[in-house]
Each structure stands twice: as C-alpha cells, then as structure tokens.
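Keep in mind that this is a model prediction, so the values were computed, not measured.
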Amino acid sequence: MGVRINGRDVVLSLISAINENKAWLSEIDGAIGDGDHGVNMAKGFNMAKEKVDDAGETLSEQLKSLGMILVSNIGGAMGPIYGTFFMRMAKPIEGKYEIDENDFKSMLESALEGVKKRGQAEVGDKTLVDTLEPATKAFAESVEKGLSFKEALDKMVETAKKGMESTKDLVAKKGRSSRLGDRSKGTIDAGAASCYIILKTLAESIEKTL
Ligand code: ADP
Ligand code: MG
C-alpha cells in the first residue's frame, strides 16, 4: 500500500534545504570550482517557490514543475542536470496520488538514468553520480530484500553520504574542476554534496508520512 504524499510540501522542503545549505555548497565549489554552486542552486529553487501553488496536486506534477524551472534558472552545469533529475523522477508516478517503495525505486532509477545520459558522467568522475548511483542501488537492494520503505530510505541516505564523501579522494573528470587534474583531489564535489542534501530531504519528507 502506498502513502499519500503532499508534493507541494516536498518541494517546499527541498527549497528550504537548498537555502539552508547555500553558503556551504558555494564554499565547497570554491575549493575546486568557481564558488557559485550554492548561489546557482538557491536561485533556481527560489524561482520554483513562486510557482509551487500553481504546479498541481500530485508529487509528480510538483517534481516535474520544479525540474522545468531548474533547467532554465540554474546557471552553470547543473541546470540541465538537476532539471533532468526532477523531470525524470516525476515520470514513473504520473497521475498517482499515492506512492510506495517500488514507485520510489522507479523514480530514483529513472532520475539516475537521465542524469547519466545528460552529463555522460560515471561513478568515479567526481560528480553527483557518485552520490546518486550508490544511493539508488542501496535503495533498490533494500526493497528487493523486503525492507520497509523507511528502512530503505535510511539505507539510501546513509549510502548517499558515503558516496558524497568518496568524492574527496577522486580526481574530477567532468565540468569545471576537471581542468585542475590531480589538484582537484582533497575536497568533496559540490554537486555530490547538493545531491546528498536533496536525497536526504526527500527521505525526510516522505518519512513524515509513513
Ligand atoms: P559550474 O561548474 O558551471 O560552475 P556548478 O558550480 O553549479 O556549475 O556545478 C558544479 C557541479 O556540476 C560539479 O560539482 C559536478 O558535480 C557537476 N557536474 C559538472 N559537469 C557534470 C557532468 N557532465 N555530469 C554530471 N555532473 C556534472
Ligand atoms: Mg561552479
């Protein structure tokens, strides 16, 4: 049985989480990038705040609207990538008022596939894929093993954190910081960090309804 999720509340929680972590995300990006990731993300997510009342009732409609706004309003590399992320997340639950763990598994898998196709990044390239791919796999495996929705979400968040931390020792292969070569080692990736924040916030807002 699925749970009814208020899509508007989910998107508002994401917007708050990005705003709360804006300075941190820009600071991380400053170490090996140009220091604008938090600012870019906050700008895009705050645009979505203005549309949240008109975006629709279902989680799918809300995520799709967020994705469409992000594509055109996040500057830098991440607009098309996070736009794809949320639009692809919305797809498997179109028209649904309730979602269960199998729906969320499909949402994560759809987002991962879209992001990898869009950015051509693989695990090990020091991008958000280092957070998203292991987190998606951990969630899917937990569901397949018969764990509850909550247990699977907790596993996802735990694994996302490890994925984010794993980027510290990696050399960037994509985006601006790849120009630094070996000097990109020693600090975590900004996109991997924002992806962790997003997955953690999604988990928290779903867990509230479980
Ligand atoms: P910019 O690099 O244009 O300043 P941001 O600072 O907003 O953009 O985002 C940087 C993040 O974008 C990186 O930390 C990395 O995670 C992500 N990124 C860059 N290129 C790619 C790509 N091809 N695929 C996936 N993620 C990418
Ligand atoms: Mg940047």
Engineer: Take Tyr196 and Val157, measure what side chain to side chain contact (heavy atoms under 4.5 Å, CB included) needs, and give me the verdict at the end.
Structural biologist: CA-CA 7 Å; Tyr196 166 66; Val157 175; 4.0 Å; yes
Engineer: To the nearest 0.5 Å, what is the distance between CD1 on Ile18 and NZ on Lys49?
Structural biologist: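 Between Ile18 CD1 and Lys49 NZ, I get 13.0 Å after rounding to 0.5 Å.
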Engineer: So, Asp103 side chain and Asp100 main chain: donor-acceptor pair closer than 3.5 Å or not?
Structural biologist: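 Confirmed, Asp103 side chain pairs with Asp100 backbone.
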Engineer: Let me confirm one number: the NZ-NZ distance from Lys126 to Lys168, rounded to the nearest 0.5 Å.
Structural biologist: 9.5 Å
Engineer: Under 4.5 Å between side-chain heavy atoms, counting indirect links through other Ile/Leu/Val/Met/Phe/Trp/Tyr residues: same cluster for Met78 and Phe86 or not?
Structural biologist: yes
Engineer: So, for Gly191 and His37, which heavy atoms are closest and what is the spacing to 0.1 Å?
Structural biologist: CA-NE2, 3.9 Å
Engineer: Are Met87 and Val52 linked, directly or through intermediate hydrophobic residues, by side-chain heavy-atom contacts shorter than 4.5 Å (ILVMFWY only)?
Structural biologist: no
Engineer: So Thr136 and Glu109, do their side chains get closer than 4.5 Å, heavy atoms only?
Structural biologist: yes
Engineer: Which atom names give the shortest non-hydrogen contact between Gly83 and Val71, and what distance separates them?
Structural biologist: CA-CG2, 3.5 Å
Engineer: Got a second to check how far Leu59's CG is from Leu202's CG, nearest 0.5 Å?
Structural biologist: 8.0 Å
Engineer: State plainly whether the residues Glu165 and Lys161 are in salt-bridge range, i.e. N to O under 4.0 Å.
Structural biologist: yes
Engineer: Donor-acceptor check, side chain of Glu94 to backbone of Ser60, threshold 3.5 angstrom: yes or no?
Structural biologist: no
Engineer: Is the shortest side-chain N to carboxylate O distance from Glu144 to Lys105 below 4.0 Å?
Structural biologist: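 Salt bridge flag = yes for Lys105 with Glu144.
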Engineer: Decide, yes or no, whether a salt bridge links Lys150 with Asp154 under the criterion of side-chain N to carboxylate O below 4.0 Å.
Structural biologist: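 A salt bridge is present here (some side-chain N lies under 4.0 Å from a carboxylate O).
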Engineer: Determine yes or no for a side-chain-to-main-chain donor-acceptor pair under 3.5 angstrom, with Asp29 supplying the side chain and Asp36 the backbone.
Structural biologist: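 Yes, because the side chain of Asp29 sits within donor-acceptor range (under 3.5 Å) of the backbone of Asp36.
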Engineer: Kindly say whether Glu57 contributes a backbone atom to a donor-acceptor pair with the side chain of Glu61 at under 3.5 angstrom?
Structural biologist: yes
Engineer: For the residue pair Ala138 and Thr159, what are the closest heavy atoms and their distance?
Structural biologist: CB-OG1, 3.3 Å
Engineer: With a 4.5 Å cut-off on side-chain heavy atoms, are Leu128 and Ile81 touching?
Structural biologist: yes
Engineer: Transitively linked via ILVMFWY side-chain contacts under 4.5 Å: Val171 with Val123?
Structural biologist: no
Engineer: Find out if a path of hydrophobic residues (ILVMFWY) with successive side-chain heavy-atom gaps under 4.5 Å connects Met68 to Val115.
Structural biologist: no
Engineer: Pair Glu204, Lys200 - check side chain to side chain contact (heavy atoms under 4.5 Å, CB included), show working.
Structural biologist: CA-CA 6 Å; Glu204 284 167 0; Lys200 184 165 165 275; 3.6 Å; yes
Engineer: I need the single residue from Asp9, Val10, Asn6 that forms a side chain to side chain contact (heavy atoms under 4.5 Å, CB included) with Ser205. Which is it?
Structural biologist: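 Filter result, single survivor: Val10.
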Engineer: Could you check whether any side-chain N or O of Ser26 sits under 3.5 Å from a backbone N or O of Val39, counting only pairs where one atom can act as donor and the other as acceptor?
Structural biologist: yes
Engineer: Just by modelled atom types, is the Ala172 backbone N or O under 3.5 Å from a matching donor or acceptor in the Ser184 side chain?
Structural biologist: yes
Engineer: Between Leu108 and Met156, does a side chain to side chain contact (heavy atoms under 4.5 Å, CB included) hold up when you go through it step by step?
Structural biologist: CA-CA 10 Å; Leu108 287 171; Met156 173 189 80; 3.8 Å; yes
Engineer: Do any N or O atoms from the side chain of Thr167 and from the backbone of Ala192 form a donor-acceptor pair under 3.5 angstrom?
Structural biologist: no
Engineer: Measuring from Arg8:CZ to Asp54:CG, what's the distance to the nearest 0.5 Å?
Structural biologist: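 Here the interatomic distance stands at 10.0 Å.
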Engineer: Measure across Ala48 and Leu66 and return the closest heavy-atom pair with its distance rounded to 0.1 Å.
Structural biologist: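 It is CB-CD1, 3.5 Å.
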Engineer: Hey, does Thr58 have a side-chain heavy atom less than 4.5 Å from the side chain of Ile93?
Structural biologist: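 They are not in contact (no side-chain heavy atoms under 4.5 Å apart), so the answer is no.
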Engineer: For the residue pair Thr84 and Lys117, establish whether any side-chain heavy-atom pair is separated by less than 4.5 Å.
Structural biologist: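 Result no, sub-4.5 Å side-chain heavy-atom pair not found.
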Engineer: I would like to know whether Phe45 and Leu14 meet side chain to side chain contact (heavy atoms under 4.5 Å, CB included); could you show each step before the answer?
Structural biologist: CA-CA 8 Å; Phe45 278 75; Leu14 289 169; 4.1 Å; yes
Engineer: Drop me the distance from Asn21's CG to Ile197's CD1, to the nearest 0.5 angstrom.
Structural biologist: 3.5 Å
Engineer: I'd like to know if the side chain of Ser110 reaches the main chain of Arg88, judged simply by a donor and an acceptor atom lying under 3.5 Å from each other, with no hydrogens or angles considered.
Structural biologist: yes
Engineer: Does a sphere of radius 6.0 Å around CD in Glu207 hold more than 12 heavy atoms from other residues, nucleotides or ligands, not counting ones at 6.0 Å or beyond?
Structural biologist: yes
Engineer: If we ignore hydrogens and angles and just use 3.5 Å, is the side chain of Lys174 paired with the main-chain N or O of Gln120 as donor and acceptor?
Structural biologist: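 Checked: pair present.
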Engineer: Does the pair Lys137/Glu133 count as a salt bridge with the N-to-O cut at 4.0 Å?
Structural biologist: yes
Engineer: With no hydrogens and no angle check, is any side-chain donor or acceptor of Ser106 less than 3.5 Å from a backbone partner on Asn102?
Structural biologist: yes
Engineer: Kindly compute the distance separating CE (Met164) from OG (Ser194), expressed to the nearest 0.5 Å.
Structural biologist: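 The OG atom of Ser194 is 10.5 Å from CE of Met164, to the nearest 0.5 Å.
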Engineer: Specify the closest pair of heavy atoms between Tyr82 and Cys195, including all atoms of both residues, with the distance to one decimal.
Structural biologist: OH-N, 3.0 Å
Engineer: Using 30° and 60° as the class boundaries, would you call the ring planes of Phe104 and Phe149 parallel, tilted or perpendicular?
Structural biologist: tilted
Engineer: Just checking Lys116: does its NZ atom have more than 12 heavy atoms from other residues, nucleotides or ligands closer to it than 6.0 angstrom?
Structural biologist: yes
Engineer: Minimum heavy-atom separation for Leu170 and Ser166, please, with both atom names.
Structural biologist: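 In this case the closest contact between Leu170 and Ser166 is CG-O, 3.5 Å.
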Engineer: Treating Ile, Leu, Val, Met, Phe, Trp and Tyr as nodes and any side-chain heavy-atom pair under 4.5 angstrom as an edge, say whether Ile28 and Leu199 lie in one connected cluster.
Structural biologist: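 Cluster IDs for Ile28 and Leu199 match.
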